[in-house]
Amino acid sequence: MLGYRLFAALDLAERHLGRLARLFAAAGGVALTSLMAVTVVAVFWRYALNNPIFGIEDVSTMALTVVVAASIAYCAKQGGHVGVNVIKMVAGRSATRITDIVARALGIAITAISAYALFLKGGCGLPCGAITNNLSIVHTPFYYFLGAAMAFYSALLLVQAGIGLANWRADDPNEPRD
């Protein structure tokens, strides 16, 4: 009974993280559309009007940061990150049960440390000189968004590790397919 409740709670957490991943994707879509519009306008101004727009690189860089952060979170949920499971080909599923736990634990540690560092560095902002070159756009909200994406990935890996442990004797639904 406890195992079923734990699995149900993990499944619910994974579904909620899926909804959050879609919000990240929406933010990334808006940023990508903005980046495309900024690029079209900048190219037109530079080559048709022979008058480049000052600071366009700053705007493009910050929009690209949002796109990258959103894609990290969304691809984490959709299984879009590249992974090669050589161990399964050599040793079979019995060995990957252990290596999955180790790999997810390392992934949780790396993404959690990255999120922590981004929130720490992002909190410094202007006093630390974390601004763009031309327009002096402060990096703080962009560091926080990227940190939130990394924290999301860490939470997702934690939930997926729990689901993998709950499915110890069965197939792990979050393991990459052959």
Side-chain angles (χ1 to χ4, degrees), residues 1-35 62-125 130 139-178:
M1 187 67 171
L2 177 64
Y4 175 76
R5 285 186 182 172
L6 177 63
F7 183 73
L10 289 169
D11 186 53
L12 180 66
E14 189 175 33
R15 279 189 275 137
H16 285 303
L17 287 171
R19 289 185 186 108
L20 187 57
R22 287 191 291 277
L23 289 175
F24 273 106
V30 169
L32 190 59
T33 303
S34 301
L35 181 61
M62 295 297 98
L64 192 56
T65 302
V66 174
V67 171
V68 168
S71 63
I72 286 171
Y74 185 71
C75 287
K77 179 62 182 111
Q78 297 302 317
H81 296 295
V82 176
V84 179
N85 200 347
V86 177
I87 298 170
K88 188 174 184 179
M89 292 186 291
V90 175
R93 176 67 181 128
S94 60
T96 59
R97 292 180 201 279
I98 305 299
T99 59
D100 283 351
I101 294 168
V102 172
R104 286 181 177 148
L106 288 172
I108 291 165
I110 290 167
T111 53
I113 290 169
S114 297
Y116 172 75
L118 285 161
F119 281 113
L120 188 67
K121 178 70 174 176
C124 186
H139 292 173
T140 300
F142 301 97
Y143 278 153
Y144 286 164
F145 190 70
L146 190 54
M150 295 304 264
F152 169 87
Y153 199 174
S154 185
L156 181 66
L157 285 172
L158 184 63
V159 168
Q160 288 179 346
I163 290 172
L165 289 172
N167 286 309
W168 186 262
R169 289 185 172 78
D171 286 337
D172 185 347
N174 294 307
E175 186 176 275
R177 301 290 172 230
D178 293 333

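It should be emphasised that the depicted structure is a prediction, and the values quoted were computed from it without experimental measurement. Every heavy atom of this structure was used, including side-chain atoms; hydrogens, water molecules and symmetry mates were not.
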Seminar exercise, completed: d(Leu158 CG, Arg104 CZ) to nearest 0.5 Å is 11.0 Å
For this session: Please answer whether the main-chain N or O of Ala151 pairs with a side-chain N or O of Thr111 as donor and acceptor at a distance below 3.5 Å.
Result: no
For this session: Write down the atom of Ala69, the atom of Phe145, and the distance for their closest heavy-atom approach.
Result: CB-CD2, 3.5 Å
Exercise. Is there a side-chain contact between Leu118 and Tyr144, using heavy atoms and a 4.5 Å cut-off?
Worked result: no
Problem set entry | Audit row: Met62, His139, side-chain contact (heavy atoms from CB on, under 4.5 Å) steps and yes/no | CA-CA 8 Å; Met62 295 297 98; His139 292 173; 3.7 Å; yes
Exercise. Closest approach of Ala31 and Val66, non-hydrogen atoms and distance?
Worked result: CB-CG1, 3.5 Å
Seminar exercise, completed: Residues passing the side-chain contact (heavy atoms from CB on, under 4.5 Å) test with Ala63, sequence neighbours excluded, are Leu35
Exercise. For Arg22 and Lys77, what are the C-alpha separation, side-chain angles and deciding distance, and is it a side-chain contact (heavy atoms from CB on, under 4.5 Å)?
Worked result: CA-CA 9 Å; Arg22 287 191 291 277; Lys77 179 62 182 111; over 6 Å; no
Exercise. Nearest heavy-atom pair of Ala76 and Gln160: which atoms, and what distance?
Worked result: O-NE2, 4.5 Å
For this session: Dump the intermediate steps for side-chain contact (heavy atoms from CB on, under 4.5 Å) on Asp11 and Val159, then the final yes or no.
Result: CA-CA 8 Å; Asp11 186 53; Val159 168; over 6 Å; no
Exercise. Does Phe119 have its ring centroid less than 6.0 Å away from the ring centroid of Tyr143?
Worked result: no
Exercise. For Gly28 and Ala70, which heavy atoms make the closest approach, and how far apart are they?
Worked result: CA-CB, 3.4 Å
For this session: Grab the two heavy atoms, one from Tyr74 and one from Ala21, that are nearest each other, plus how far apart they are.
Result: CD1-O, 3.5 Å
Problem set entry | Those residues that, when tested against Leu23, pass side-chain contact (heavy atoms from CB on, under 4.5 Å) (two or more places apart) | Leu20
Seminar exercise, completed: Rounded to the nearest 0.5 angstrom, the CG-NZ distance for Leu146 and Lys121 is 13.5 Å
Problem set entry | Heavy-atom closest pair, residues Ser154 and Ile108 | OG-O, 3.4 Å
For this session: Drop me the distance from Leu17's CG to Phe24's CZ, to the nearest 0.5 angstrom.
Result: 10.0 Å
